2 protein chains.
Amino acid sequence: MKNSIKVERAIHNFTQEDLAKKIGVSRQTINAMEANKYVPSTVLALKIAKLFGKPVEEIFQLSEED
Amino acid sequence: MKNSIKVERAIHNFTQEDLAKKIGVSRQTINAMEANKYVPSTVLALKIAKLFGKPVEEIFQLSEED
DNA sequence: ACATAATGTAATGTTTATTTTACATTAACG
DNA sequence: CGTTAATGTAAAATAAACATTACATTATGT
């Protein structure tokens, strides 16, 4: 799965730590998500999408291996 | 988090096992998701939403405790 | 160049998702 | 009523998410 969290963060001028605090996770969790080190839970995806005002599908996309 | 997987399954006339096979998880995983026993990964949410032809937000919704 | 903020990354630990097997209950149908 | 499909549920094991601490690297501003 891919995601455009980094881009959305840039648009909104959020630091990884800003975003982490806003959605209630650690900064490393954000960092790892951006680096595709793991797949976040649906709760996190919903929170992030809500925060950025975009549908989940616009920020998180399935790739072939999914 | 709440979800309407059971309703979507009824609309499409899918059994839990049908859905499980289509998205590549065990039947118990579907059952547990419907019973809100755990939060699925974003990959699963995307697959289920895609299969049912609806946005993730229409099938999975944050609740207060999230 | 220096100081500081932001990011990358790694180790270790805890919690939670997911599988597998198995059995019990319920619904549907002949 | 008996049979079979569908669902609920539970225990044990494995995999993966997420936290915490800590440090190294990169960017930014003065």
Side-chain angles (χ1 to χ4, degrees):
Chain A
M1 201 196 56
K2 303 182 315 173
N3 72 76
S4 53
I5 296 173
K6 193 170 184 174
V7 174
E8 294 299 327
R9 240 183 357 94
I11 293 174
H12 292 263
N13 211 39
F14 287 167
T15 182
Q16 289 184 345
E17 190 157 21
D18 291 339
L19 178 55
K21 278 181 183 160
K22 280 173 198 287
I23 69 173
V25 293
S26 72
R27 180 181 68 82
Q28 284 76 358
T29 294
I30 301 295
N31 190 287
M33 282 177 48
E34 289 187 2
N36 289 312
K37 293 220 176 131
Y38 59 71
V39 174
S41 75
T42 300
V43 166
L44 289 194
L46 287 171
K47 284 184 178 178
I48 291 171
K50 183 180 180 186
L51 182 64
F52 290 143
K54 293 188 176 173
V56 169
E57 281 86 348
E58 210 165 309
I59 300 177
F60 299 91
Q61 288 147 11
L62 292 172
S63 32
E64 287 70 25
E65 70 264 24
D66 298 319
Chain B
M1 201 195 57
K2 302 182 315 173
N3 71 76
S4 53
I5 295 174
K6 194 171 184 174
V7 173
E8 294 299 326
R9 240 182 357 94
I11 293 174
H12 293 263
N13 210 40
F14 287 167
T15 184
Q16 289 184 344
E17 191 157 21
D18 290 339
L19 178 56
K21 279 181 182 159
K22 281 175 198 286
I23 69 173
V25 293
S26 71
R27 181 182 66 81
Q28 285 75 358
T29 294
I30 302 296
N31 190 287
M33 282 177 48
E34 290 187 2
N36 289 312
K37 293 221 176 128
Y38 59 72
V39 174
S41 75
T42 300
V43 167
L44 289 194
L46 287 170
K47 284 184 178 177
I48 291 171
K50 182 181 180 184
L51 182 64
F52 290 142
K54 293 190 176 171
V56 170
E57 281 87 347
E58 209 165 310
I59 300 176
F60 299 90
Q61 287 147 10
L62 291 172
S63 31
E64 286 72 25
E65 70 265 25
D66 299 320

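On a predicted model such as this, the values are computed, not experimentally measured, just so you know. Labels below follow one simple rule: chain letters A, B, ... track the order of the sequence lines, proteins then strands, and each chain is numbered from 1.
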Query raised in the report: Closest to the A:V39 side chain: D:dA17, D:dG8, C:dT18?
Result: D:dA17
Query raised in the report: Where do B:L19 and B:F52 land on the side-chain contact (heavy atoms from CB on, under 4.5 Å) test, with the steps shown first?
Result: CA-CA 10 Å; B:L19 178 56; B:F52 290 142; 4.1 Å; yes
Query - Pair listing, salt bridge (charged side-chain N to carboxylate O under 4.0 Å, His left out) test, anchored in residues 3-29 of chain A, at least two apart - result: A:E8-A:K54, A:R9-A:E34
Query - Side-chain N,O (A:R9) to OP1/OP2 (C:dT7) below 4.0 Å - result: yes
Requested in this report: Would you kindly give the CD1-to-C1' distance between B:I5 and D:dT7, to the nearest whole Å?
Outcome: 15 Å
**Report entry** Length of the line joining A:L44:CG and D:dC18:C1', which is rounded to integer Å
**Finding:** 9 Å
Requested in this report: Could you check A:Y38 against B:N31 and say which one's nearest nucleotide on DNA chain D is further toward the 5' end?
Outcome: B:N31
Report task. Measure the distance from CZ on A:F60 to P on D:dA17 and round it to the nearest whole Å. Result -> 13 Å
Query raised in the report: Under 4.0 Å between a side-chain N/O of A:S41 and OP1 or OP2 of D:dC18, yes or no?
Result: yes
Query raised in the report: Taking atom CD1 of A:I48 and atom CD1 of A:I5, what is their separation to the nearest 0.5 Å?
Result: 4.0 Å
Requested in this report: Give B:T29 one of three labels, base, sugar-phosphate or nothing, depending on what nucleic acid heavy atoms sit under 4.0 Å from its own.
Outcome: base
Requested in this report: Between D:dC18, C:dT9, C:dA6, spot the one nearest the side chain of A:Q28, thanks.
Outcome: C:dT9
Query raised in the report: A:L19 CG to D:dC18 P: how many Å, rounded?
Result: 13 Å
Query raised in the report: Which distance, rounded to the nearest 0.5 Å, do you find between the OG1 of B:T29 and the CG of B:L44?
Result: 7.5 Å
Query raised in the report: Using a cut-off of less than 4.0 Å, is there contact between a side-chain N or O of B:T15 and OP1 or OP2 of D:dA5?
Result: no
Query raised in the report: Base, sugar-phosphate, or nothing: which does B:S26 touch, judged by heavy atoms less than 4.0 Å apart?
Result: base
**Report entry** Between D:dC18 (C1') and A:I23 (CD1): distance, integer Å
**Finding:** 11 Å
Query raised in the report: Which residue, A:V25 or B:K37, contacts DNA chain D at a nucleotide closer to its 5' end, judged by nearest heavy atom?
Result: B:K37
**Report entry** d(CE, A:M33; P, C:dT9) in whole Å
**Finding:** 16 Å
Query raised in the report: Ignoring hydrogens and geometry, is there a side-chain-to-backbone donor-acceptor pair from B:T42 to A:P40 under 3.5 Å?
Result: yes
Report task. Round to the nearest Å and state the distance from B:N36 atom CG to D:dT9 atom C1'. Result -> 15 Å
Report task. Nearest whole angstrom, please: distance from the P of C:dT19 to the CZ of B:R27. Result -> 12 Å
Report summary line: By nearest-nucleotide position on DNA chain C, the 5'-leaning member of B:P40 and A:K6 is A:K6
Query raised in the report: For C:dG8, does either OP1 or OP2 sit under 4.0 Å from a side-chain N or O belonging to A:Q16?
Result: yes
Report task. Kindly say whether, by distance alone, the side chain of B:E34 makes a donor-acceptor pair under 3.5 Å with the base of D:dT7? Result -> no
